[in-house]
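Remarks on the structure that follows.
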Amino acid sequence: MDIQAMRRARPSARGRVEIRDLSVSYDGHAALERLHLTVEPGEFVCLLGPSGCGKSTALNAVAGFVRTPEGSVTVDGEPVLGPGADRGMVFQQYSLFPWKTVLENVAFGPRMKGAARAEARRAAREHLELVGLGGVADKYPATLSGGMQQRVGIARALINRPGVLLMDEPFGALDAQTRGFMQETLLRLWDEIGGSILFVTHDVDEALLLADRVILFSAAPGRVLLDLAVALPRPRPEDSFADPAFADAKKQCLRLIRQESRRAFERQGGQFA
Ligand SMILES: Nc1ncnc2c1ncn2[C@@H]1O[C@H](COP(=O)(O)OP(=O)(O)O)[C@@H](O)[C@H]1O
Ligand SMILES: [Mg+2]
């Protein structure tokens, strides 16, 4: 059995996301129109698409941040009616509380759920160690590098043991080396903790290195243009780029993204030379 099949076969497999007929409009403009998308328990799915096509909107709808969605979103069979601890969110901006220490930031979730202070801090320490940050528990976020702050954000999301981890261009602001390290860390955590991941990126290489499936959205309103199973064995080393299957998938994604970006640009009144 390959690792993906093993993960799915775990009795505790969680994180099935079902998006059905999801439409979201802002001020009369459709950001998403009748989106259908399913994430299987334990699956790592990357969303790609031109800027403004509704990727963040889709993620926010699963997180429960969209006020008036039409259609339905369920997580492990439960309708999403608002934010909840079964879904963890990691944003591109680190969005930590600057006035709290790293440890207090991570302990915040359990405290909100009513855990005693000592218990919340113990769990927070454990999760900081999981992301390799045991040594900076008492520092303040502003004193850490971007990559470290993002690891705190991941620890803060994971401490609730969400079935689904939602990540919106989480490594977009990091330098290439740090990004590579973060990708490895994330894959290790995903393997250890289980659950599914829905990950937005505009980086095709990143999507193909991380995902079981890559979903490519059309220009707004976003629809699924391509649903691509990434048939590369794991672990995927750096030289996966040299694999012909990788190169083919990348070409296909880039061609569609370029086509859709052009359509979006022209629709806004722009003209290509
Ligand atoms: N809170 C909001 N208010 C108004 N318009 C929004 C809001 N969020 C997103 N939009 C619009 O919805 C469309 C999709 O945005 P978004 O989901 O952020 O796309 P992506 O993440 O793919 O770049 C864009 O046209 C964007 O301007
Ligand atoms: Mg976005």
Side-chain angles (χ1 to χ4, degrees), residues 17-39 44-73 75 80-83 87-96 146 149-150 153-154 157 164-174 179 182-183 186 196-208 210-211 213-228 250 252-270:
V17 180
E18 264 194 83
I19 298 175
R20 289 288 167 270
D21 264 335
L22 177 67
S23 300
V24 177
S25 300
Y26 298 107
D27 313 320
H29 287 281
L32 290 174
E33 212 167 71
R34 311 199 68 164
L35 178 69
H36 281 267
L37 178 60
T38 302
V39 177
F44 199 134
V45 174
C46 280
L47 292 184
L48 279 172
S51 172
C53 71
K55 303 181 295 296
S56 294
T57 300
L59 222 61
N60 286 333
V62 178
F65 298 150
V66 174
R67 261 199 222 138
T68 52
E70 280 176 56
S72 83
V73 180
V75 171
V80 168
L81 302 172
R87 286 146 289 141
M89 185 83 162
V90 178
F91 301 92
Q92 178 168 2
Q93 307 77 15
Y94 315 122
S95 64
L96 302 172
Q149 291 191 47
Q150 202 55 313
I154 292 171
V164 190
L165 188 58
L166 304 166
M167 307 184 84
D168 197 351
E169 307 203 26
F171 308 147
L174 304 177
R179 190 181 314 144
M182 295 297 295
Q183 290 164 346
L186 179 63
S196 61
I197 301 183
L198 189 52
F199 186 108
V200 172
T201 176
H202 58 252
D203 181 342
V204 177
D205 286 337
E206 179 168 67
L208 292 174
L210 294 177
R213 263 165 71 215
V214 170
I215 307 280
L216 204 149
F217 278 14
S218 68
R223 291 172 299 108
V224 175
L225 263 193
L226 177 72
D227 185 339
L228 182 77
K250 181 171 176 177
Q252 194 180 3
C253 290
L254 284 176
R255 190 175 52 76
L256 281 170
I257 293 172
R258 207 167 295 136
Q259 166 198 308
E260 290 303 304
S261 301
R262 174 189 284 256
R263 278 184 44 197
F265 184 72
E266 285 171 351
R267 214 177 291 158
Q268 288 156 8

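All ligand and atom numbering here is 1-based and tracks the order in the structure.
Inclusion of T57 in the first shell of the Mg ion (ligand 2) is not supported: no N, O or S atom falls under 2.8 Å.
Residue C53 approaches ligand 1 through these ligand atoms, each under 4.0 Å from one of its heavy atoms: 19 (O), 20 (P), 22 (O). Those atoms of ligand 1 with a heavy atom of S51 less than 4.0 angstrom away are 23 (O).
In this structure, I197 CD1 and L186 CG are separated by 4.5 Å, a value rounded to the nearest 0.5 Å.
In this structure, atom 5 (N) of ligand 1 is in close contact with the protein, since a protein heavy atom lies within 4.0 Å of it.
Between D27 and ligand 1, no pair of N/O atoms sits closer than 3.5 Å.
Atom 13 (C) of ligand 1 has its closest protein heavy atom at G52 O, 3.7 Å. Scanning all protein heavy atoms for the shortest distance to atom 18 (O) of ligand 1 gives S56 CB, 3.7 Å. Annotation: atom 19 (O) of ligand 1 to nearest protein heavy atom, G54 N, 3.2 Å. Looking only at heavy atoms of the protein, atom 16 (P) of ligand 1 is closest to T57 OG1, 3.7 Å. Protein heavy atom nearest atom 9 (C) of ligand 1, with residue, atom name and distance: Y26 CE1, 3.3 Å.
Between the side chain of S218 and the backbone N or O of R223, at least one donor-acceptor pair lies under 3.5 Å. Using modelled atom types, one side-chain atom of R87 and one backbone atom of V62 make a donor-acceptor pair closer than 3.5 Å. Within the 3.5 Å criterion, the main-chain N or O of L174 finds a donor-acceptor partner in the side chain of R179. Although no hydrogens or angles enter the test, the distance criterion places a donor-acceptor pair under 3.5 Å between the side chain of K55 and the main chain of G49. Between the side chain of E260 and the main chain of A219, a donor-acceptor pair closer than 3.5 Å is present.
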Trace of the side chain to side chain contact (heavy atoms under 4.5 Å, CB included) decision for I19 with H36: CA-CA 5 Å; I19 298 175; H36 281 267; over 6 Å; no
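In this structure, A220 does not count as a contact residue of ligand 1, since none of its heavy atoms falls inside 4.0 Å of the ligand.
The shortest side-chain heavy-atom distance between V214 and L226 does not fall under the 4.5 Å cut-off.
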